[in-house]
Number of protein chains: 2
Amino acid sequence: MMARMDEPRWLSDDEQRVWRAFREAVGMLNAHTETQLQRDAGMPQAYYEVLVELSESPDQVMRMSDLAIATGSSRSRLSHAVAKLEAKGWVRREACPTDKRGAFAHLTPAGFDAIKAAAPGHVEAVRAAVFDQLTPDQVRMLGEISETIRAGLTPQCPEVERRLAAEDEDAQADAGDGGDTGRAA
Amino acid sequence: MMARMDEPRWLSDDEQRVWRAFREAVGMLNAHTETQLQRDAGMPQAYYEVLVELSESPDQVMRMSDLAIATGSSRSRLSHAVAKLEAKGWVRREACPTDKRGAFAHLTPAGFDAIKAAAPGHVEAVRAAVFDQLTPDQVRMLGEISETIRAGLTPQCPEVERRLAAEDEDAQADAGDGGDTGRAA
DNA sequence: CAGTCATAGTTGAGCGCTCAACAAAGGGCT
DNA sequence: AGCCCTTTGTTGAGCGCTCAACTATGACTG
């Protein structure tokens, strides 16, 4: 499947320019905010986002799995991240009484202080690099574009693809079912 | 400067939604293309971009420094990357005769084959995730938005910031000189 | 209830990136 | 020439991420 396509649908010159500009802008923006946070707050952006998510949660507590989903990271990544954050004293782990497999991540007061101290500088950096540069129309468009790309990537992207592949194999075993659509490609 | 701002200019709800959608979309898109390339071509996206840059160069040769600039990476990163690519037999290093500090990175035939094999799948993935999803207007806007953000980040972003800081110190020492312009690319 | 599969979370190895330190060579200036 | 500063490129340590195993618990079914 997909092994051979007679003629790949190459990008036009315009599309290529857009793609390269996009990649470049994203790379620079990411480097910029990453450096800013690392320098001013002593934490990488990924950890910042974990703390943000926790701080906005009802009691500053979340199940590890929910936190992983909320931050768009794998369980593994979150587990490593929380281990580091716990070592810094910013997060505390707690066992879940009703489901003994489960674990809660709990934002500590020190963690709350850390994010409170980090937020203004980070927001300022983001605002200066993005929202101060763009017109309101561009901001709105950026939101729509992002949402569209996100939506297009959601069904078949992460490990779900593997799952679909696995289900495909199963389906081949018991042959005809509705056979859904080929999610194209 | 920037040390204290009485009230941070927080993001509005709309801005926050846009920022989160953007971060999410970028993260997913990046993960998607990264996985695709790693799986189908056995190389990370950063190495792919190195090979692309080399393949588009007159004789498939570039100075390491120029290649670093072209790929938007640090010398260190490129050095590590080329070491790996050389181990794979995709790139060969050559000494520069006129500047004995210098080094050329030379795309090998095997490297050319590798990128030729990788390109269609990668382009298809990018097209499916981005250009097939967006209207022509959105594509155009994405280009403009990217270009704006890139431009806003160019002067003060990478290690230039350090340089500016250093020059600031110098400037304080000898006070006013002509203070040229940013050597606008 | 036993057997089986799914779910929650952790762990360690491997990899790419950053950062700071470094060696080697060029380019001025006196 | 000799000195100093810049530029080029490499190196090794440390860090975060991915991937594949693995443990342990829950949930479902005969």
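Chain letters run A, B, ... following the sequence lines, proteins first, then strands; residues in each count from 1.
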Roughly how many Å is it from CE in Met43(A) to C1' in dT18(C), rounded to a whole number? 19 Å

d(CD, Gln36(A); P, dT18(C)) in whole Å: 17 Å

Side chain of His80(B), base of dG9(D): donor and acceptor closer than 3.5 Å? no

Report the C-alpha distance between Thr154(A) and Arg150(A) in whole Å, list the side-chain angles of each, state the deciding distance to 0.1 Å, and finish with yes or no for side chain to side chain donor-acceptor pair (under 3.5 Å). CA-CA 6 Å; Thr154(A) 296; Arg150(A) 197 197 58 67; 3.1 Å; yes

Close residues, residues 56-69 of chain B, relative to DNA chain D [heavy-atom separation under 4.0 Å]: Arg63(B), Met64(B), Ser65(B)

Shortest non-hydrogen contact from Gln16(B) toward Leu11(B): NE2-O, 3.9 Å

Between Asp99(A) and Pro44(A), whichever has its closest DNA chain D nucleotide further toward 5' is Pro44(A)

Does Arg101(B) put a side-chain nitrogen or oxygen below 4.0 Å from OP1 or OP2 of dT6(D)? no

Shortest non-hydrogen pair, Tyr48(B) vs Ala119(B), comes out as OH-CA, 3.5 Å

Taken to the nearest whole Å, CG/Leu37(A) to C1'/dT18(C) is 16 Å

Atom pair distance, as rounded to whole Å: NZ in Lys100(A) and C1' in dT25(D): 9 Å

Heavy atoms only: give me the nearest Thr148(B)-Gln133(A) pair and the separation to one decimal. CG2-O, 3.6 Å

Which nucleotide, dG26(C), dA13(C), dT11(D), lies nearest any side-chain atom of Ser79(B)? dT11(D)

Is the phosphate of dT8(D) approached by Arg75(B) (side-chain N or O, under 4.0 Å from OP1 or OP2)? yes

When we call it a touch if two heavy atoms are under 4.0 Å apart, what does Ala81(A) touch: a base, just sugar-phosphate, or nothing? nothing

So, is Arg77(B) close to the dT18(C) phosphate, meaning a side-chain N or O under 4.0 Å from OP1 or OP2? yes

Between P on dG16(D) and CG on Asn30(A), what's the gap in Å once rounded to a whole number? 15 Å

For the residue pair Leu78(A) and Ser73(A), what are the closest heavy atoms and their distance? CB-OG, 4.0 Å

What nucleotide, of dC17(D), dG16(C), dG12(C), holds the atom closest to the side chain of Ser76(A)? dG12(C)

Could you check Glu53(A) against Leu67(A) for side-chain contact (heavy atoms from CB on, under 4.5 Å), going step by step and ending with a plain yes or no? CA-CA 7 Å; Glu53(A) 213 63 46; Leu67(A) 191 50; 3.8 Å; yes

Give Ala46(B) one of three labels, base, sugar-phosphate or nothing, depending on what nucleic acid heavy atoms sit under 4.0 Å from its own. sugar-phosphate

What integer distance in Å separates Leu85(B):CG from dG16(C):C1'? 12 Å

Can you measure Gln45(A) atom CD to dT18(C) atom C1' for me and round it to whole angstrom units? 15 Å

Dump the intermediate steps for side chain to side chain donor-acceptor pair (under 3.5 Å) on Ser76(B) and Ser74(B), then the final yes or no. CA-CA 5 Å; Ser76(B) 171; Ser74(B) 66; 4.7 Å; no

In this structure, how many angstroms lie between the C1' atom of dT18(C) and the NE2 atom of His32(A), rounded? 17 Å

